[in-house]
Structures are given as structure tokens and as C-alpha cells.
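Here's the structure, in C-alpha cells; my notes come after.
This structure is a prediction, so every number in the text was calculated from the model and none was measured. All values below come from the heavy atoms of this structure, side chains included, with hydrogens, waters and symmetry mates left out. Numbers restart at 1 for each chain; the letters A, B, ... are given by sequence-line order, proteins then strands.
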Amino acid sequence: VAGTLVFLEHHEGAITKGALGVLGKAAQVFGDDVAGVVIGSGVRELAAGAGAYGASVVWVADDERLAAPLPQPRVDVLAKLVRDEGVETVLFAQSVLAADVAAGLAMRLGAGLNWDLVDVSSDGVGVSPALADSVNVRVGWTGTPRLAVFRSGTFDPVEGDGTADVRDAAVELEDFSELAEMVEQAHAEQQGPSIEDADVIVAGGRGLGGPEGFSLCEELAKALGGAVGATRAVVDAGWYPYSAQVGQTGKTVSPKLYVAVGISGAIQHKVGMQGSGVIVAINKDRNAPIFEFADLGVVGDLHEIVPKLTQLVQARRGS
Amino acid sequence: MGADRAVLVSDEALAGSDLLGTAQALAGALEREQPDLVLFGQQSADGGGACLWAAVAERLRRPAISQVSELTVEGGSVTGKRQTEFGYDTIRVPLPAVVAVSDAINTPRYPSLKGIMGAKKKPQETLSAADVGGASEPRTTVLGLDPPKGRGEARIIEDDGTGADQIVEFLAAARLL
């Protein structure tokens, strides 16, 4: 019995950091009996590499019909694998794709799905923060298979020297799974680290005054070697791309340092970044909620403070 | 807001439904209606799993697109622009289909007084669990609640021209520079 299976999502020829983080957590909690599964087209080479991150077996479903990152064909592959191998636990790292795959799989298998987990134990108890993270809910499953989606950014990948046994997974697709057609993929150009991977995030909100204000965040992020994040309000206003959105309907991030520039700290934003190591906030409104959970808050004009801060950081880092 | 009719699925037997229970009840109601297009919103404010549509689409054996920020319906198919972590995917599915829009799709208008008054005359049907295929036992459970780890005290300063310097000192002391 292959006890635990981790869905290894990939993008542009690499397994995502989030998926590798969940794989590492699974190996730590469930021991040697952890398998990964890579689903796509031309993805065989990715599979072997997952051994270093904790998988003893990696299943590969490599098929042209699986080239586009669409959820329903992935449900077909996973459902067959879970049934054939008697998998007891299937784990996912949160993403737009993974959430759809997990929920479809739960229905197909009649399995329980818990989501937004930040921890899980070997006896099958998960931890899910609720009510804007004001309470941790301990959740469980009434039977197997158990399905779980982990909050993004919760676990860092741990690279070891393990190797994985790569095996082929069967690809048998349902008729309705092949109806969706990927017409076009437009990916944002990536400059510097992505916000999931960055140790430092400089995020901007409405206080920047307009899209041009983001240059302040970009310069500070560059000086700190970090990435730029944004609030939902400014993404909805078209000031910055959705791929940078931090919060309830964007990404959950936990960098070592989060600098919030002109961000009020609405609860929807807070839940996406309050796991950060150190939070520094700059805002002109001293009653902004962000100051209630920042480690250092500076009340003042960001247009004065941020450029000066960038200069000081550059001087200090000799760049 | 514009609906011509409403269907409410309400039954004691459905209280405490988990994802599967909710999805099965919804799918049961949708099977009675047989709509060409099923639309979902971003997520609920309580469970907030943002994945119910995928379970419903699976149950109905229909194609689905989620996190859609732009939507067009023409010629028996629906095309959606899906927001993902990496950018935008444009996906086309034939009808009948399930589509979940993201909160970027629009800003809901306020209902007009005329609309509010008119809504009272719109028909509403209430279905029981038995009408939608029965209730199912939850596959997930809540075991208990714990307080989260809190953050330390915040230090708030007013910028007197040295704000940037104080941030640098703070970051240096925290070994973040």
C-alpha cells in the first residue's frame, strides 16, 4: 500500500516550490512511504528529481492530452492511481489548479477533503486557521482516502540525497474531462523572484496613489533582493498584475520580511501575509489596522520615507 | 439583482454538510433544473474553500472553468479567462458547463428600490434533502479549536524625518540586511 501521495504541480519545467514543500512535510510526518505524482506532457524528467525532496516513488502520467494545466483530466489520473494503489492520503499544495483537482477527486472517490491546512500529524489530524486566522481548527477525516490541501507558502522544500523509483501511471480519461480546451496562456513576465519564493516582499496598496507609485516598491524590493506584492484593491484597479496579489483571493505568503507600503491592512490582506517573519508597515494613517500586527510601524508619508529607505539599504548593501 | 426565480435547498438533514454533502445537494438541485450554464462566485465567507464548483462539475460530469475574470458565451460554448498564479489562461468549454467567476469579474451593483420591491413577487421554490437525492454523512470532522500563536507587541513611530533611518536600524538589528 502506497500510504501517501503528493500531487506535484509543475510550471515551466520545474515542480512548484509549494508542492515540494508539501512533499517534504509528508516525508517528515509519514516517513518513507511517500509517493509523488507528476502529470503532464514531456514531464518524465521532472519525476526523478522529486526523490531528493522526500518521495520514495514518483508516478508519472505523461501524455499529450495532459499538456494543458486543466483540472479534470488530472482527476481521472489521480482517481485511478488512488484506487489501484490503495492510497490512503492525497496531499496538495494550494493553487488555482490544485484546488479544482482536489475537489473533483474528493467527489469522484467519495473522500473527505480538508483545505487551507497549515499542519498535519501522522494520526490524521490537520490544523486549519479560521475566522481570519483568529482560531486554529483541528480537523479530521471519517475514513480513507483522506484528501488535504495545504495553505500556500506553509512549508519550505527540504533537499536531501534520496532517490525516487519512477513508475508509469495509467492515463484513462473520461469523456467530459476532455471537453475543456486551452485556447491561450499568457504568463506575466517574471522579474526577480516570485512572491512565493522571495525572502523579502515589498507590497503596495492604495496609499501609493496610482500605478506609477509601484516604482517605489520595485526599487526598494530590488535593493532588498525581494519581490513586489500588491493588495486586491490595487490589482482590481489595474495598477498591478494579479500574480502579485497577496491575500484571501490571492496568494498566502510567509517571507522573512514583509514591507507593507500604503496598505491599510484589511482582514482579507492580513490573512495572506500575517505568517511573515517580520512585518514593517509604512502608512500615513495612524489608525490603519496594519499597525495592529506590524512589528515596526512608521506613520508618515511613504513618498518621503520609501525612496530614502531604498537609498539607505543600497548604501548599506553596497549596491 | 436580476434573478427571475430562486430555488432554496433547505433541510435539517443537510445541516453541517461538508464539501461533498453540499456539492451533492447542489448537483441534485441542478439535475432537476438542467441549466446550460451554472455560475459560481469566488468563495463563501465561512468555509471559503473556493473549490465547490469542481466537486459539482464532477458530480454532473460537465466541463468547468474556475477563477474566471472575463467571460463570453457564444455559439454553444463559453470562453473564460482564468486567473492563475502564473498569469492568465483562456479556456473554452462547450455548454452545458460550470463556470466559477473570480471577484475580479465585476463590482456588484446596488439593488434598486424597484428591484427590491419586484423581488418579493418572484417565485421561490424550496426543496428538501429528499428532493435533491438525500443527505450524506460528512467525510470530514471538526475535532476542536485552539488559539493561534500571537505576534509580539507592535512598535509604532511617527516619522519625524528619521523614519527611514529607524527602519534600517530595526532591520539591521533583526539581521535582515
message = Strictly by salt bridge (Lys or Arg N to Asp or Glu O under 4.0 Å), give each pair with a member in residues 242-252 of chain A just once, sequence neighbours left out.
response =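 Listed by first then second residue: A:E196-A:K251.
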Heavy-atom distance under 4.5 Å between the side chains of [X] and [Y], does that happen here?
{"X": "A:M107", "Y": "B:Q24", "result": "yes"}
{"X": "B:P148", "Y": "A:D133", "result": "no"}
{"X": "A:L179", "Y": "B:R92", "result": "no"}
{"X": "B:S66", "Y": "A:V96", "result": "yes"}
{"X": "A:D175", "Y": "B:R61", "result": "yes"}

Looking only at heavy atoms and a cut-off of under 4.5 Å, which of [options] has the most pairs with chain A?
{"options": "B:A27, B:A64, B:A57", "result": "B:A64"}
{"options": "B:L20, B:T90, B:T84, B:L52", "result": "B:T90"}
{"options": "B:V93, B:V56, B:L145, B:D18", "result": "B:L145"}
{"options": "B:E158, B:Q83, B:E137", "result": "B:Q83"}

Contacting region of [X] [heavy-atom separation from chain B under 4.5 Å]:
{"X": "A:Q311", "answer": "neither"}
{"X": "A:T16", "answer": "side chain"}
{"X": "A:D116", "answer": "neither"}
{"X": "A:Q72", "answer": "side chain"}
{"X": "A:A244", "answer": "neither"}
{"X": "A:W141", "answer": "both"}

key: Under 3.5 Å: donor-acceptor pair, side chain of B:E85, backbone of A:L97   =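 Answer holds: no.
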inquiry  = Donor-acceptor pair, distance only, cut-off 3.5 Å: does the side chain of B:E58 make one with the backbone of A:L105?
reply    =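 Here the side-chain-to-backbone pair does not exist.
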message = Tell me which of these, A:Q94, A:E292, A:Q248, has more heavy-atom pairs under 4.5 Å with chain B than the rest.
response =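 Option with the top pair count is A:Q248.
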task = Among the options A:I305, A:L312, A:L296, A:V306, pick out the one with the most heavy-atom pairs lying under 4.5 Å from chain B.
result =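 Of the candidates given, the most pairs with chain B belong to A:L296.
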Work out which heavy atom in [X] is nearest to a heavy atom in [Y]; give both atom names and the distance.
{"X": "B:L19", "Y": "A:A106", "value": "CD2-CB, 4.4 Å"}
{"X": "A:T142", "Y": "B:T140", "value": "CG2-N, 4.4 Å"}
{"X": "B:A50", "Y": "A:A99", "value": "O-CB, 4.1 Å"}

inquiry  = Would you call the rings of B:F86 and A:H11 parallel, tilted or perpendicular, taking 30° and 60° as the class edges?
reply    =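 Parallel, since the angle between the ring planes stays under 30°.
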message = The test is side chain to side chain contact (heavy atoms under 4.5 Å, CB included); show your working for A:T144 and B:R139 and say whether it passes.
response = CA-CA 9 Å; A:T144 57; B:R139 271 73 154 196; over 6 Å; no
query = Please walk me through it: do A:V299 and B:I156 pass side chain to side chain contact (heavy atoms under 4.5 Å, CB included)?
reply = CA-CA 7 Å; A:V299 182; B:I156 309 298; 3.8 Å; yes
request  = Give, for atom CD1 of B:I105 and atom CG of A:D236, the distance between the pair rounded to the nearest 0.5 Å.
outcome  =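 Result: 11.5 Å between the selected atoms.
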ask   = How many angstroms lie between atom OH of A:Y242 and atom OG of B:S102, to the nearest 0.5 angstrom?
value =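 Going from the OH atom of A:Y242 to the OG atom of B:S102 covers 7.0 Å.
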request  = For B:C51 and A:V149, run side chain to side chain contact (heavy atoms under 4.5 Å, CB included): C-alpha distance rounded to whole Å, both residues' side-chain angles, the deciding distance at 0.1 Å, then the answer.
outcome  = CA-CA 11 Å; B:C51 61; A:V149 181; over 6 Å; no
Quick one: side chains of residues 164-177 of chain B, donor-acceptor pairs under 3.5 Å with protein atoms, not counting sequence neighbours, listed by atom name and distance.
from: B:D165; atom 1: OD1; to: A:K308; atom 2: NZ; distance (Å): 2.9
from: B:Q166; atom 1: NE2; to: B:T162; atom 2: OG1; distance (Å): 3.0

